[in-house]
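It should be emphasised that the depicted structure is a prediction, and the values quoted were computed from it without experimental measurement. These values consider heavy atoms only, across backbone and side chains, with no hydrogens, waters or symmetry-generated copies.
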Number of protein chains: 2
Amino acid sequence: MSRPDAEPSLHDDAARAGWLYYVGGMTQDQIAAELGISRQRAQRLVSRAMAEGLIQVRLNHRIGACLDLEAALRDRFGLDRVRVAPGLGAGADPVRAIAPAAAAELERFLRMPEPLVVALGTGRALRGMVDAMVEIDSPQHRLVSLIGNIAPDGSASFFDVVMRIADKVRAPHYPMPVPVISPTPEENEAFHRLPPVRKVVALAEAADVVFVGVGQMSNDAPLLADGFVTRAELDEMQTAGASGEVAGWVFDSEGRYLDLGTNRRTGGVRVAPGLARPSIGIAAGASKVPAILAALKSRIINGLVTDEPTARALLSRA
Amino acid sequence: MSRPDAEPSLHDDAARAGWLYYVGGMTQDQIAAELGISRQRAQRLVSRAMAEGLIQVRLNHRIGACLDLEAALRDRFGLDRVRVAPGLGAGADPVRAIAPAAAAELERFLRMPEPLVVALGTGRALRGMVDAMVEIDSPQHRLVSLIGNIAPDGSASFFDVVMRIADKVRAPHYPMPVPVISPTPEENEAFHRLPPVRKVVALAEAADVVFVGVGQMSNDAPLLADGFVTRAELDEMQTAGASGEVAGWVFDSEGRYLDLGTNRRTGGVRVAPGLARPSIGIAAGASKVPAILAALKSRIINGLVTDEPTARALLSRA
DNA sequence: TCGCCTTATGGGTAAATGCTCATACATCGA
DNA sequence: TCGATGTATGAGCATTTACCCATAAGGCGA
């Protein structure tokens, strides 16, 4: 029995209510009458539509101050693509601010007709970007992960961005079937000698465009919070000048990859600095400023999506 | 640097306020505090951002497209009630797609406490609607058929919708005890002179709400397939510009009833065009597009339940 | 089957929002 | 200079929305 959606699901109702509210400009009373439900239920549906990201809001105007910051960043770091989203005020999660802009930037590439290989890192920023994306049918592209998808506890999907994007664009996708960080260099190498892994690695290295988050290596490092490195390993790398990481690979304040600590056991593909293909960093937040700065200096990334306060901080420290 | 401390334009402020409101989820009070303005000004900026399209809202859900189509149909044809169900893909029976939506629409009326007279046509679409209906005890309403229930072979129930609905709502029901199409105008008139028939006709003409299918008059006409008209009669009416039919009454491409062919011998009640009471067409399918278009033009129906591809076709031909 | 636990529902209410209006300010023309 | 005209502002108020809570409904294990 193929009956895809015979009964209007909760999502359908929520989407409809949200549409009537935000697009149709109706009050919740009117929506309740229209759908034959109570006002409270209408309110819950509308709020659910927003919470689940069924309703997407974007700013269709470049605020002058942000444009100025973009131009300044472009000048100062020789960037190809820069987007600065308005800040949301202290205390707000900067991912909320940059997600729509990041999604728009990714969609730009996905809408190109010629087939592209898009390489992706992980992290909360990329996760937010994907959530803010619309569904877009682009089966001509290939999506490849830069970073292993096997977490320390063996679970397969952490912030598995590639899978989620692939859902939305219906494009072939290639997760990196290795541990994010292996216990020993030998085990890491063993994984990377496997032919299927070599294929994915080759694909990632040949990517036409790269989207990555940027992690700080201060005490609030995502690598530590997510259990990929121990406190001792973090200490060691901090002492050696670790400033940030991209796709799990740690670099110093000049953006030079370190040859120690977990860098000897990190799986997947390191984003090569200084290449011509677009390499877009998606990152915002005061604690990430030194890391972003370093990645920009060595051109691990040559494009940036960030928010207003982060942009200001980058310029004042540069 | 390009514009040292340029005064932020009104648009900039509006965009920023709208951003903080819709993306940041702040209250207008908080925005006012953040930007150092009065709450009223914040409110005006937010509302301006929306009015000028600085803030774009879109729905990231499959039914989003359907809602857009509904709005377009409502605009284009001045309809009161429109539902567009998501298409089920080529090859699938469109009745399957629209039946749940049609049932929901009918249930809306049946749930009303005040007694209604509901007039019904026949056809596969209405049959599907009834099958998709839940049982609902509404003895306050009366259900009346628009169309005769005597088939050419003398059998009484073909797609007899009224009986089946009545089963589900346990409401009094009034079949139209005349032939769908009589052999001669005289026989038809003889039936309609009978007092019981006149009562049913009067009831149908006073209906508070009408649900009908819409039949095409191309070579795959339901009237022909079900043996109500002969091939010769169909030819004659096609030559005269027949475009579709509602409850057995044939009309041209502008929705004007023809005065020839079987229209002179059709029993039951013709749905009068342009009345205020809801008259909901339940119809989908590529071959029905010209018929639906005609019925919409002359407002034989002022409401529509259809599916996505049909909705698109209606709009592109309109 | 019963009773417990989780989840959904609708009433009530405080907070937030949108609207109207009187007023202030500025611009422009006589 | 004065007045007229148009526009922006904030106060007050009606409407709308969000949240809390008591209760009902549904699911699940004993």
Ion pair check, B:Arg44 and B:Glu52, cut-off under 4.0 Å: no
base_contact_polar (D:dA11 base, B:Gln40 side chain, donor-acceptor, <3.5 Å): yes
Separation of C:dT20 C1' from B:Gln43 CD (nearest whole Å): 12 Å
Short N-O contact, B:Arg16 and A:Glu308, less than 4.0 angstrom: yes
Between A:Thr27 and A:Asp29, a side-chain donor and acceptor under 3.5 Å: no
Rounded interatomic separation in angstrom, taking CD1 from B:Ile37 and P from D:dG10: 9 Å
No-H, no-angle donor-acceptor pair, B:Arg39 side chain to C:dG18 base, under 3.5 Å: yes
Euclidean distance, atom CG of residue B:Asp29 to atom P of D:dA18 [Å, nearest integer]: 15 Å
Distance in angstrom units between B:Arg41 CZ and D:dG10 P, rounded: 9 Å
Residue-phosphate contact under 4.0 Å: A:Tyr21 side-chain N/O, D:dT17 OP1/OP2: yes
Phosphate OP1/OP2 of D:dT9: any B:Ser38 side-chain N/O under 4.0 Å: no
B:Ile31 CD1 - C:dA16 P separation (whole Å): 12 Å
d(CG, B:Leu45; C1', D:dT7) in whole Å: 15 Å
Nucleotide C:dT17, atom C1' - distance to CD of B:Gln28 in whole Å: 6 Å
Basic-acidic side-chain contact under 4.0 Å: A:Arg81, A:Glu70: no
Nearest-Å distance for atom pair CG/C1', residues A:Asp13 and C:dT9: 15 Å
No-H, no-angle donor-acceptor pair, B:Arg44 side chain to D:dG10 base, under 3.5 Å: yes
